[in-house]
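What follows is one structure encoded as structure tokens, with my remarks underneath.
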Number of protein chains: 2
Amino acid sequence: MATTIEAEARSREPLTKERILRAAVALADEDGVDSLSMRRIAQELGVVPMALYKHVASKDEMLDGMVDVVVGVIDAPLEDADWRTTIRERVLSARRALLRHPWASRLIESRTAPTPTVIGYMDSMIGILLRGGFSIDLTHHAMHAMGSRLLGFSQELFDDTPDDPPEIQAIARQQMAEAYPNISEMVAAIRHDDETVVGLGCDDQFEFEFALDLMLDGLERLREREGGAE
Amino acid sequence: MATTIEAEARSREPLTKERILRAAVALADEDGVDSLSMRRIAQELGVVPMALYKHVASKDEMLDGMVDVVVGVIDAPLEDADWRTTIRERVLSARRALLRHPWASRLIESRTAPTPTVIGYMDSMIGILLRGGFSIDLTHHAMHAMGSRLLGFSQELFDDTPDDPPEIQAIARQQMAEAYPNISEMVAAIRHDDETVVGLGCDDQFEFEFALDLMLDGLERLREREGGAE
DNA sequence: ACCTGAACACCGTTCAAGT
DNA sequence: ACCTGAACACCGTTCAAGT
């Protein structure tokens, strides 16, 4: 019975958790995390579905592994900078890691328990705040306030990239103007700033950094006040 | 053929989208949103699965309907208060609505497109900021910065309520102290404040309001600066 | 002892057959 | 014309039968 060259090449390399994760990440990059199934990954690897279960206990464990792959490439914290710069640069590094995989933030949100890698990242961030002069209590509040922003994403409620044709978008804008006057006014103002825009026209990176700095400014103010009161 | 009394009582009331949504919300409250299937809802209503599709086009439309049920009970904005109080009270009202349904925030996050009800809510919030003296640009940034906090939730990365028995928790704490020294220190400090605590011991409502106020304070400062510069 | 095909207990949704 | 049972094309995972 002739096996294909590809299947032979595939089976030469032994199946490992790492190979499974690499295939899963590639598949999610291509088709989205929703169309990720154990059966499809197995097929992609030229392997029977049950073979995966030798290396991952369940689909959940595999999804956690995918999160770790993404979080694992975040830069180590700066060594000789103040807390604000250290946190800021690391958050932006986390953001770059996440942006490489459009499904990543959604996957992290959907997991009910954080992985050891994510907990370790958070532990390191707490250390930066404590060494930066935050009290334990303020550090605690800061971690809650920052939330997923520490991992480089914020929960966007509006999807920015509708793929409707222009004429449909024009009709939609007309109807929106009546039903949602304030949103329409805002969107019109944004578009006015940049005519080449698609979708709602928000600069996600700018908005992320704006919110991040707003948060960091607020925390710095509380830290200074705390130091003064002690 | 004898139908049960319950089935008869059920079938007397005609099937409507509202009845389906009520059943779906009740089922999600009880068993979580993950175990929500069209087939189970149909069963609960004493109806054949396909009967649901006369009233909802798809499962996605039904999930959107569930979001609308929750968002629909958020209080209208105050009439005669300043922007900060108006936003703050409404966000806290949204939070009360969400807390009644543990699955709601996760469901809202997971939807890719917001429902008209959610868009309408956001439109109204934008209006409050604009009338409160925010420029269009600052309003836009503020909406992004607030994100899902406007709907009363923040993305918690740590689940606060582990249901392990105390002895397991003690072992876990021991191991955590070694692997995650900063988290352990923080958790110990929080526990010290309140001995009666379960889980990590975070006061979610306090943390939410802390972050909300941090955000609102920052925005108020930017608004004042903007007014001064014009 | 290891591997894996078939099977189990589900999904959301289509569609044709029955009334 | 309406309603619905069976079927389709999937799932994640169990388990027993085969090597």
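Lettering of chains follows the sequences in order, A, B, ..., and the numbering in each one begins at 1. Just so it is clear, the structure is predicted and the values come from calculations on it, not from any experiment.
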Could you give the distance separating dC8(D) and dG18(C) at their P atoms, to the nearest angstrom?
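Rounded to whole Å, the distance is 16 Å.
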
Pairs involving residues 121-130 of chain A, ordered by first then second residue, that meet side chain to side chain donor-acceptor pair (under 3.5 Å) (sequence neighbours left out):
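Every side chain to side chain donor-acceptor pair (under 3.5 Å) pair that includes a residue of residues 121-130 of chain A, provided the two are not neighbours, is R90(A)-S124(A), D123(A)-N182(B).
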
Side chains of residues 46-55 of chain B: which donor-acceptor partners sit under 3.5 Å, not counting sequence neighbours?
from, atom 1, to, atom 2, distance (Å)
H55(B), NE2, L15(B), O, 2.8

Check: S93(A) side chain, D75(A) main-chain N or O, donor-acceptor pair, under 3.5 Å:
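The answer is yes, because a donor-acceptor pair under 3.5 Å joins these two groups.
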
Summarise protein proximity over nucleotides 6-19 of chain C in one line of letters, 5' to 3': B for base, S for sugar-phosphate only, - for none, counting protein heavy atoms closer than 4.0 Å.
-B---BBBBB----

What stems show up for DNA chain C when you take Watson-Crick pairs (N1-N3 plus N6-O4 or O6-N4) and G-U wobbles (N1-O2, O6-N3), both under 3.5 Å, and require three or more consecutive pairs?
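C:4-8 with D:12-16, C:12-16 with D:4-8 - these are the stems of 3 or more pairs that involve DNA chain C.
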
For H141(B), what residues pass the ring pair (Phe, Tyr, Trp, His ring centres under 6.0 Å) criterion, not counting sequence neighbours?
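Applying ring pair (Phe, Tyr, Trp, His ring centres under 6.0 Å) to H141(B) gives F206(A), F210(A).
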
Residue pairs fulfilling ring-ring contact (aromatic ring centres under 6.0 Å, His included) with at least one residue in residues 96-118 of chain A, sequence neighbours excluded
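Listed once each, the pairs are H101(A)-W103(A).
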
Salt bridge (Lys or Arg N to Asp or Glu O under 4.0 Å) against [X], all qualifying residues, sequence neighbours excluded:
X: D64(B); value: R111(B)
X: R88(B); value: E209(B), D213(B)
X: R100(B); value: none

